[in-house]
Amino acid sequence: MSETIRFTLDGTEVTAKAGDTIWEVANGRGLVIPHLCHKPAPGYRPDGNCRACMVEVEGERNLVASCIREPVEGMVVTTDSARASSARKLVMEMLVADQPPREEARDRSSHFWDMADATGVSESRFPKLEQDRVPLLDDSHVAMRVNLDACIQCGLCVRACREVQVNDVFGMAGRGHDAYPTLDFNDPMGDSTCVACGECVQACPTGALMESSVLDDAQQGDSADFDYEVSSVCPFCGVGCQLSLKVKDNKVKYVDGIDGPANENRLCVKGRFGYDYIHHPHRLTKPLIRREDAPPKGLNVDPANPLTHFREATWEEAMDFAADGLRGRGREVAGFGSAKCTNEEAYLFQKLIRQGFGHNNVDHCTRLCHASSVAALIENVGSGAVTATFNEIENADVAIIIGANPVENHPVAATYFKQFTKRGGKLIVMDPRGVGLRKYASHMLQFRPGADVSMLNAIMHVIVEEELYDRQYIEAYTENWEAEKEHLKDFSPEKMAPICGIEPDVLRDVARTFAGARAAMIFWGMGVSQHIHGTDNSRCLISLALMAGQVGRPGTGLHPLRGQNNVQGASDAGLIPMFLPDYQSVKDDGVRSAFTEVWESGDFSSEPGLTVTEIVDDIHAGNTKAMYILGENPAMSDPDVDHARDAFAKLDHLVVQDLFITETANYADVILPASAFAEKSGTVTNTNRQVQMGRPALAPPGEAREDWQITVDLANRLGLEWDYKSPADVFAEMTINMPSLANITWERLERENAVTYPSLSPEDPGQSIVFGDGFPREGGRARFTPASVIPPDEVPDADYPMILTTGRQLEHWHTGSMTRRSRVLDAVEPEANCSLHPSTLRKMGVEPGGMVRLVTRRGSITLMARADRAVAPDMVFVPFAFVEAAANVLTNPAVDPYGKIPEFKFAAVRVEAAESQVAAE
């Protein structure tokens with residue numbers, strides 16, 4: 001078939017690309033042909049089952065469904081003939097007959113009624129047919145409702161669930177007119193395995209599936225109407241989904257996904273249903289100053305009245321108070337910025353610490369998630385960002401996912417991984433837990449915690465031993481290969497199997513599968529990075545990709561999945577103690593002078609600053625005495641959190657800028673009410689290196705202000721004389737000394753919404769794959785860095801016989817300050833919990849749902865236990881979003897010597913039945 005097809009459409013000769021349908025060509029020319037069984041968006045193939053899009057083709061007896069019929073050379077198509085129009089109208093009439101009357105419809109502005117209007121149908125001549133569907137209404141789920149009286153059997157919900165999100169919950173039951181969608185084994189939605197991504201709701205054209213909040217909040221008029229909508233970016237994980245915020249009566253009413261480069265209209269439960277934290281009554285609306293008669297700083301607050309120890313203040317008083325406590329302190333001041341803020345806010349924050357106090361003691365949460373990954377990438381490939389977007393998996397035939405649980409932590413990215421396996425791709429999952437992707441995996445390596453290096457070195461040993469490596473690539477693009485080969489001689493699968501717990505034949509099969517791939521990718525998460533050997537783990541993954549030549553081509557690459565919505569951008573913007581923006585060393589005099597010239601200020605320290613955990617230790621040492629914390633919650637996120645909380649209580653002056661009185665804000669001397677992401681302008685950069693534009697849908701509540709404005713005000717009170725009128729001014733300054741932003745302007749992002757860096761021209765959408773012709777290191781070569789087996793900092797013993805690991809859950813994110821204030825998210829996952837293997841619970845005499853006590857060398861927590869076969873019998877998994885049982889009370893503060901990241905993923909722990917412990921005490 002030729003690339004271009006010429007045919008006649010309604011009397012006009014048109015062209016189509018191979019694979020286009022008649023409907024797509026007509027729609028592209030502005031012709032309205034009704035459609036109900038598909039959506040003109042990525043991921044929704046046409047099905048041809050609704051017959052609402054029928055057109056006439058010359059020479060054919062029957063009308064054809066334009067959504068599935070492809071034109072051929074010379075075809076003559078008529079969309080507006082009397083026969084085609086009459087047929088489409090008849091289809092709509094029959095469907096309207098079975099709908100609730102429009103004035104009673106739950107969604108009167110739905111796509112279905114738009115299509116009825118397009119065919120001129122407002123009522124039907126046909127009687128309503130009785131349908132044998134029980135129950136018609138299902139309100140068992142907290143987030144969504146099923147209203148089968150509006151169902152037209154289009155099957156979009158099934159395709160949304162099976163083909164787009166690949167969750168396989170929806171199916172169709174019944175036959176003919178009595179067919180209807182069901183969940184699992186005809187379970188109520190609230191009892192099913194539905195993960196509440198809401199894709200079915202967004203796909204449904206009739207209102208048969210709708211958000212429960214929309215229906216609950218409906219008053220007069222259409223329940224799905226809104227005053228206006230604003231396109232922005234999801235404020236949660238690093239995937240960076242674009243979404244549309246629907247605003248009614250100055251509140252976000254509901255959220256839809258839109259066609260962003262990372263999500264193609266998809267969302268997860270957090271992105272779709274977690275928006276309402278911004279309207280929570282706990283929102284800070286006025287500045288607060290600690291009362292002089294308040295008790296000593298700490299978490300000694302009344303949950304019903306968190307303002308007990310603070311008094312309201314004017315902005316003038318609060319900002320003067322904040323500045324007075326910081327002014328003139330120099331090295332005594334440190335700053336924690338936030339990956340939840342914009343690129344512009346991160347840039348301003350690091351500039352404030354460096355220019356205002358003359359040093360580099362500024363850090364943010366990348367230190368706690370992927371610092372070791374960044375360290376290894378900069379060391380060995382010359383860049384701290386991913387070498388390929390996760391979407392590139394569509395061009396791969398093999399992929400490794402190690403130390404990550406995308407189904408829960410990056411759910412939209414997980415949809416692409418699951419689709420990859422449906423197309424026949426081989427997915428190699430490596431994790432100490434049997435994570436959610438295991439059922440899609442060709443290989444599941446549930447290795448022993450902390451044994452990453454032994455396992456990866458064994459796999460690389462096989463590639464070297466069997467000469468499966470890409471000799472030509474290694475010679476052209478790498479260095480230190482001979483040292484790597486020599487190092488790997490001592491890591492045979494037979495020798496490493498007892499250490500990592502994976503059989504030698506499995507290790508050999510994985511090695512052959514990966515090395516033999518046409519194109520392969522490696523994805524990893526914090527299960528790799530959050531170890532004292534996290535940098536070595538990442539070094540192994542980089543070496544594995546390099547020796548197989550799996551970097552720089554379509555479907556190849558290295559991709560650490562970033563955790564927070566702007567952790568990549570905040571790092572790029574210089575919110576790191578040893579780097580200025582774009583990972584330029586603070587030690588380089590030329591780099592510093594380039595920035596001070598733009599800042600019109602004197603030089604600052606050439607000494608790398610202290611990291612998050614080092615700053616906490618420095619407070620205890622009496623050196624750091626004041627802090628400015630923007631949008632971070634280290635009183636929950638730091639390891640050995642009691643040690644961190646004691647440090648914050650010692651500070652002479654603590655300025656906290658946030659949305660709520662977080663656990664950290666309880667230690668503050670002044671609290672500045674900030675703006676949520678739906679309330680501010682600014683750019684963010686996702687895990688794919690895609691710089692995206694966030695737009696405000698609402699003003700901040702009460703007297704709260706946008707974060708960049710607060711930081712600028714504080715800087716000016718400290719004597720810095722900043723003159724920024726908007727975030728656009730800040731972005732323009734960033735582009736001067738950040739080569740990564742070349743060809744990316746504020747105006748371009750406003751117009752295009754997203755650009756991937758690097759962008760090679762003002763028209764280039766960006767390079768999804770980098771390093772195809774070399775690496776940004778001296779000589780243009782990537783480096784092999786051998787890694788040896790290093791045991792965890794503490795290992796189980798008689799007193800602490802089990803292994804503790806921590807992480808996130810699907811419904812909650814980071815320290816829970818946002819998600820636990822979302823109605824749906826908190827309702828689905830309301831209680832602190834941990835996961836243990838059923839056999840472990842049986843030995844302890846604890847029923848699932850019973851309470852257990854976890855004890856490490858640093859502290860103890862009591863929480864509810866769940867039975868989970870994905871967890872090994874000698875492990876316990878604890879999510880870290882619950883303040884009432886804070887996981888980081890238990891975690892080990894020992895750090896990786898290179899990335900300075902704590903060992904969150906491994907601690908020796910004792911697990912006890914809480915009831916017996918109480919009785920013993």
Side-chain angles (χ1 to χ4, degrees), residues 106-107 135-151 157 160-161 165 167-170 181-204 207-219 223-224 226 234-237 241 243 245-246 248 251-257 266-282 407-409 411-412 436 678 808-814 816-833 848-849 864 866 879 881-882 884:
R106 295 170 184 82
D107 188 358
L136 280 176
L137 304 179
D138 176 4
D139 61 358
S140 60
H141 198 284
V142 66
M144 298 167 287
R145 295 212 182 129
V146 183
N147 312 292
L148 290 182
D149 55 349
C151 180
C157 56
C161 192
Q165 293 277 346
N167 289 325
D168 296 315
V169 180
F170 267 97
T182 63
L183 292 94
D184 293 335
F185 296 100
N186 207 14
D187 297 319
M189 179 176 274
D191 298 333
S192 73
T193 57
C194 171
V195 294
C197 69
E199 189 77 29
C200 57
V201 169
Q202 186 164 325
C204 180
L209 289 154
M210 290 186 72
E211 299 92 339
S212 59
S213 60
V214 170
L215 296 172
D216 290 341
D217 294 343
Q219 298 176 1
S223 60
F226 50 87
C234 179
F236 294 112
C237 82
C241 297
L243 44 74
L245 301 159
K246 318 290 187 180
K248 177 75 172 178
K251 281 192 173 184
V252 176
K253 187 172 185 179
Y254 63 100
V255 170
D256 276 340
R266 308 167 207 196
L267 292 175
C268 76
V269 63
K270 291 187 290 291
R272 192 177 304 278
F273 297 113
Y275 60 85
D276 57 334
Y277 71 93
I278 65 175
H279 302 306
H280 196 279
H282 287 176
V407 166
E408 296 199 21
N409 296 332
V412 171
R808 294 184 176 128
Q809 292 177 293
L810 173 64
E811 294 81 11
H812 287 305
W813 178 77
H814 203 47
S817 61
M818 294 157 63
T819 55
R820 295 198 72 194
R821 289 178 170 91
S822 165
R823 182 185 69 88
V824 167
L825 302 181
D826 195 53
V828 175
E829 195 61 86
E831 183 179 355
N833 60 86
M864 181 261 287
R866 282 191 174 137
F882 299 89
E884 64 271 31

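With sequence neighbours left out, the side chain to side chain donor-acceptor pair (under 3.5 Å) criterion links Asp184 to Thr193. Considering only residues two or more places apart in sequence or on other chains, Gln202 meets the side chain to side chain donor-acceptor pair (under 3.5 Å) condition with Arg272. Judged as a side-chain contact (heavy atoms from CB on, under 4.5 Å), and not counting sequence neighbours, the contacts of Asp826 are His812, Arg820. With sequence neighbours excluded, no residue forms a side chain to side chain donor-acceptor pair (under 3.5 Å) with Glu211. Judged as a side-chain contact (heavy atoms from CB on, under 4.5 Å), and not counting sequence neighbours, the contacts of Pro181 are Leu148, Cys151, Cys157, Phe170, Met172. Legend: residues meeting salt bridge (charged side-chain N to carboxylate O under 4.0 Å, His left out) with Glu408, ordered by chain and number and at least two apart, are absent. Scanning for side-chain contact (heavy atoms from CB on, under 4.5 Å) contacts around Asp276 gives Ser822, Arg823, with sequence neighbours left out. Asn147 meets the side chain to side chain donor-acceptor pair (under 3.5 Å) test with Arg106; sequence neighbours excluded. Residues meeting the salt bridge (charged side-chain N to carboxylate O under 4.0 Å, His left out) test with Asp187, sequence neighbours left out: none. Partners of Ala678 under the side-chain contact (heavy atoms from CB on, under 4.5 Å) rule, at least two apart in sequence or in another chain, are Leu245, Ile278.
Surrounding NZ of Lys251 are at most 12 heavy atoms belonging to other residues, nucleotides or ligands under 6.0 Å away.
Going from atom OG1 of Thr182 over to atom CE of Met189 covers 11.0 Å, rounded to the nearest 0.5 Å. Put simply, CH2 on Trp813 and CG on Leu825 are 12.0 Å apart, with the number rounded to the nearest 0.5 Å.
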